[in-house]
Amino acid sequence: LVALSIYSHVTVDEYCNQTITDLKDFSDKKISGDALTKSWRERKEKMSAYVNHDFLDQITLYIGQMTLGDNHEDENFIVARKNIETLIKLIQEEQKLAAHSFY
């Protein structure tokens, strides 16, 4: 149980950090919208056993909004990105190891 909790924390934290990096790269036009969507889909599938599905689904919707347009300075783009970052922080907070995680 302890090993599973530690594994889930490390895995989810790593995927969240990778997603933040991909968001920055997409905002800087270093990767395409398709690459962002594909990498998120893979991570979402792997995290689904450990994370609240509502958070994952909301992130998927926001990524869809971000990849629709070409204007990365658009207000909707910026709001979607900030919402994703907030959801990722919530996921990471939810995954933090604490004594109650093991009981």
Side-chain angles (χ1 to χ4, degrees):
L1 182 59
V2 171
L4 181 62
S5 293
I6 292 170
Y7 174 78
S8 70
H9 169 72
V10 169
T11 301
V12 169
D13 196 52
E14 180 182 327
Y15 290 150
C16 287
N17 290 333
Q18 289 173 351
T19 302
I20 293 291
T21 300
D22 283 353
L23 286 173
K24 288 178 184 175
D25 288 347
F26 179 66
S27 293
D28 295 339
K29 299 183 181 185
K30 293 180 181 176
I31 64 171
S32 68
D34 291 338
L36 174 65
T37 302
K38 182 182 177 192
S39 64
W40 170 249
R41 234 182 282 139
E42 291 169 1
R43 289 184 199 122
K44 177 184 174 188
E45 185 177 314
K46 292 175 184 176
M47 288 194 300
S48 66
Y50 310 112
V51 176
N52 182 330
H53 287 254
D54 290 336
F55 290 161
L56 298 176
D57 292 340
Q58 287 178 19
I59 291 171
T60 302
L61 290 173
Y62 288 128
I63 287 175
Q65 289 176 357
M66 286 177 65
T67 58
L68 281 178
D70 290 334
N71 185 0
H72 292 197
E73 303 301 320
D74 181 56
E75 184 177 335
N76 292 331
F77 179 91
I78 295 167
V79 168
R81 180 177 171 185
K82 294 223 180 274
N83 287 337
I84 292 170
E85 290 170 351
T86 300
L87 288 166
I88 287 176
K89 286 179 186 175
L90 288 172
I91 289 170
Q92 288 176 316
E93 286 294 318
E94 193 176 80
Q95 289 294 312
K96 279 193 175 175
L97 295 176
H100 71 273
S101 302
F102 304 108
Y103 298 106

Rounded at 0.5 Å granularity, tell me how far [atom1] in [X] sits from [atom2] in [Y].
X     : Y     : atom1 : atom2 : answer
Leu23 : Ile63 : CG    : CD1   : 6.0 Å
Glu14 : His9  : CD    : NE2   : 11.5 Å
Glu45 : Leu56 : CD    : CG    : 11.5 Å
Ser39 : Lys44 : OG    : NZ    : 13.0 Å
Thr19 : Ile84 : OG1   : CD1   : 9.0 Å
Asp13 : Gln18 : CG    : CD    : 10.0 Å

So do the side chains of [X] and [Y] get within less than 4.5 Å of each other, counting heavy atoms only?
X     : Y     : answer
Met47 : Thr11 : no
Asp34 : Lys38 : no
Ile59 : Ile91 : yes
Asn83 : Gln65 : no

- Among all residues two or more places apart in sequence or in another chain, which pass the side chain to side chain donor-acceptor pair (under 3.5 Å) test with Glu93? Lys96

- Task: Could you pull out all residues at least two apart from Glu85 that satisfy side chain to side chain donor-acceptor pair (under 3.5 Å)?
- Result: Arg81

- Item | Any pair counted as ring-ring contact (aromatic ring centres under 6.0 Å, His included), so long as it reaches residues 36-56, sequence neighbours left out | none

- Go through the structure and list residues passing ring pair (Phe, Tyr, Trp, His ring centres under 6.0 Å) with Phe77, not counting sequence neighbours. Phe26, His72

- Determine which pairs satisfy salt bridge (charged side-chain N to carboxylate O under 4.0 Å, His left out) with at least one residue from residues 21-31, sequence neighbours left out, and list them in order. Asp22-Arg43

- Do any pairs count as a salt bridge (charged side-chain N to carboxylate O under 4.0 Å, His left out) and have a residue in residues 60-69, sequence neighbours left out, and if so which ones? none

- Query: Are Val12 and Tyr7 in one and the same hydrophobic cluster, where Ile, Leu, Val, Met, Phe, Trp and Tyr link if side-chain heavy atoms are under 4.5 Å apart?
  - Reply: yes

- Worked check of side-chain contact (heavy atoms from CB on, under 4.5 Å) between Val51 and Tyr15: CA-CA 11 Å; Val51 176; Tyr15 290 150; over 6 Å; no

